[in-house]
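Order of the sequence lines fixes the chain letters, A, B, ..., with proteins taken first and strands second; residue numbering starts at 1 for each chain. Model, not experiment: these values are computed from the prediction.
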Protein chains: 2
Amino acid sequence: MVSEPKYIIIKNEIKQLILNGEYEVSSKIPSEAELKDKFNVSRHTIRQSIAELVNEGYLKKEQGSGTYVSNQYRLEQKDTSQKTIGVITTYLSDYIFPSIIRGIEDVLSKKGYALLLSSTQNNVENEKRSLEMMLEKRVDGLIIEPTKSANLNPNLNYYLGIQERGIPYVSINASYEELEAPEIRMDDRLASEKLTSHLLDLGHTRICMVTKTDDLQGKERMKGFVRAYSKINKAFDGNLMITFDTESIENLTKKIDRVLQLDNSPTAFVCYNDQIAVKVIERIQAIGKKIPQDISIVSHDNSFLSTATDVKLTSINHPKDQLGRDAANWIIQAIEKNSFKQDSIIYEPKLITRSSTSKNTEID
Amino acid sequence: MVSEPKYIIIKNEIKQLILNGEYEVSSKIPSEAELKDKFNVSRHTIRQSIAELVNEGYLKKEQGSGTYVSNQYRLEQKDTSQKTIGVITTYLSDYIFPSIIRGIEDVLSKKGYALLLSSTQNNVENEKRSLEMMLEKRVDGLIIEPTKSANLNPNLNYYLGIQERGIPYVSINASYEELEAPEIRMDDRLASEKLTSHLLDLGHTRICMVTKTDDLQGKERMKGFVRAYSKINKAFDGNLMITFDTESIENLTKKIDRVLQLDNSPTAFVCYNDQIAVKVIERIQAIGKKIPQDISIVSHDNSFLSTATDVKLTSINHPKDQLGRDAANWIIQAIEKNSFKQDSIIYEPKLITRSSTSKNTEID
DNA sequence: CTCCATAAGTTGTACGTACGTATATAGTAC
DNA sequence: GTACTATATACGTACGTACAACTTATGGAG
């Protein structure tokens, strides 16, 4: 029998030392130079031995520091090559989401990351499935737009599992209050406050708010509305608060119509977003009233819908594409610098004035 | 940023050659000596590169014989239940793409497949990166919207490599003529013929076609235009053919203006798609002409843009969401039934008549 | 035609040298 | 005591040489 090559003999000898505890877990083993002298071989041979042990998970090397006994037996072979980022949003094709996803994809692909995509249709069951899929695919980071962010989320344990595994993640547009996750979003409360104040400044007093109640954005936007009133020490009419959620959106038209037929119907609307605004515009025009002469209307997000119809909406900006880019860069930073506790990014809202608002002409 | 070490560069270069099929599965790659000369480095460096690829499972070495491309592409992940479908499109956020992607995602997630997404911006270099990424991530199927489908594609060898590995794939919207890949798309030629015939029926004779030349859809739509004329044995004016491509789209406005200022300016336009139609509408209105009284205009795709402006466009339907669903179901079928040679799906175009067309009022 | 020794080619082992880059530490200045 | 700097030390990259071990192709003997 031919004797085994030196580097195999040395490898086995070192392995023995590790296994019988001579080289303790997490401790530094002798340097390559020392081992070279000890075994009377070239450094190259030592490196060969150590390379195999590193590959098998017994050792870990740190440039400039030394070689250490690994504390985990081949825990997992970290796929060094291409990393994957998971992205979960409520919707994909609607509204501002394509721009957000595009921003994310653009940054990720330029940095050599793959993008695993999933949507929830704002349904927590789907969110669960998405999270399971992402975990199974072993994503290296997650960008999540929360589903039903205003409600208690039944998938919280999944998020905790993600944290436990050390997978960095960031919320966009909203976040779950129960988790202290970093978030990248618009300051929705201040945004709504600005919109409402704008209308109040124009002399409107009976302002109707139309907002969503099952996501945090809707709640925040409602809070902003309330705050604008309280800042000038006035109260708003509770009858002029229209709320809806993902499931009850079909009834929204009726609710709007009812408010428009009130004796003291509103002279202005603050809408949850441009999509809702378009709906409201349609109902206003259906009863023959004119915007902005009869009724003023404002909304959030400044999407393509803001200027798509004949009514050019006064709205609040939304970073969209930039938000996606920021989220992607955030998650890449978290992965590469291993820093999970990065800051949130909250965008400052800016009012974009168009022709959907005018002074209140009614006599008080 | 410091440049990467030689052995990493060489490693990646060899990996590419494997992924794009230049080094075929199970075939022998050049010897260390040959690679050494090819890359002009020492044999040691080559051995470093190859060692990593062997470790990652791309290569196998046999002493005395050579180094071979490993064929274990999908061996280890066979057990994992969750499969991944790669989707490569030219764009993500623009136009009809969000709907297509949504359709794909909806079907895939319901069937328990994961979706790996990438876009090319209609740039073949990006397409190459995307394909490499998909192969590295070991997707189980591919849905591809070809990039620059009218031109000879430099990434054909990647596609051949995909076929070799037995990964099913399907083209959407267009296809590469060099490959005999199944495709899911609109019958663009017939669509354009219908649009043009519609205008001819209305008495228009000087019709301007505005089309794209670097994708197959554009070429097909041009052919349909030509065929409509030839069916009634008439010739069209070559001066009224406006072409553009991804890179020259900035000059399009000028080209349109020039045609509009011709002595015998057109009385109707056939547009590549709604996006282009909106541009043409803007230029027509800029010179004070009215649609459809002065000039008629038709376009493809029936997107939200068809009805977004005050001009409601006569257009050709596009399945969008359904196309995405069909593509997803197609690829799932191919995987589960292991049948790669499924039929293509070609949608029949339907004319959707709105108010952007009227009879030619000019005297012949 | 078959068998087998040989040559040629390929990867494996092992040595050496030199310099680059990252980390830890001891010493210095403040 | 703190902050910075210089130095030593560790691993990383890259060049080179030589020969061993193994496989495959070749060509001649039978």
What is the distance, to the nearest angstrom, from the [atom1] atom on [X] to the [atom2] atom on [N]?
{"X": "B:L59", "N": "C:dG12", "atom1": "CG", "atom2": "P", "answer": "12 Å"}
{"X": "B:Q48", "N": "D:dG16", "atom1": "CD", "atom2": "P", "answer": "14 Å"}
{"X": "B:N40", "N": "D:dC15", "atom1": "CG", "atom2": "P", "answer": "9 Å"}
{"X": "B:K60", "N": "C:dG12", "atom1": "NZ", "atom2": "P", "answer": "14 Å"}
{"X": "A:K11", "N": "C:dT13", "atom1": "NZ", "atom2": "C1'", "answer": "15 Å"}
{"X": "B:H44", "N": "D:dC15", "atom1": "NE2", "atom2": "C1'", "answer": "9 Å"}
{"X": "B:I9", "N": "D:dA14", "atom1": "CD1", "atom2": "C1'", "answer": "13 Å"}
{"X": "A:R43", "N": "C:dC15", "atom1": "CZ", "atom2": "C1'", "answer": "14 Å"}

Would you call [X]-[Y] a salt bridge at under 4.0 Å N-O?
{"X": "A:E32", "Y": "A:K61", "value": "yes"}
{"X": "A:R325", "Y": "A:D321", "value": "yes"}
{"X": "B:K11", "Y": "B:E56", "value": "yes"}

Looking at residues at least two apart in the chain, or sitting in another chain, which of them share a side-chain contact (heavy atoms from CB on, under 4.5 Å) with [X]?
{"X": "B:E247", "result": "B:K148, B:D214, B:D245"}
{"X": "A:K111", "result": "A:V107, A:Y113, A:N329, A:I332"}
{"X": "B:P30", "result": "B:Y23, B:E34, B:L35"}

Can you tell me if the side-chain N/O atoms of [X] get under 4.0 Å from OP1 or OP2 in [N]?
{"X": "A:T45", "N": "C:dC15", "result": "yes"}
{"X": "B:R47", "N": "C:dG12", "result": "yes"}
{"X": "A:K61", "N": "D:dA10", "result": "no"}

message: Heavy atoms within less than 4.0 Å of DNA chain C: which residues of residues 29-38 of chain B have one? Give them sorted by number.
response: B:S31, B:E32
field: Candidate nucleotides C:dA14, D:dC15, C:dT11, ranked by approach to the side chain of B:K6 - the nearest
entry: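 Of all the options, the side chain of B:K6 is nearest to D:dC15.
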Check: B:E145/B:T90 side-chain N/O donor and acceptor closer than 3.5 Å: yes
message: Testing the 3.5 Å rule here: is there a donor-acceptor pair between the side chains of A:T84 and B:K137?
response: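 B:K137 and A:T84 do have a side-chain donor-acceptor pair below 3.5 Å.
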message: So, using side chain to side chain donor-acceptor pair (under 3.5 Å) as the criterion, who are the partners of B:T45 when residues are at least two apart?
response: B:S42
Set out, line by line, the N/O atom pairs under 3.5 Å between protein and nucleotides 23-27 of chain D.
{"residue": "D:dT23", "atom": "O4'", "partner": "B:G64", "partner atom": "O", "Å": "3.3"}

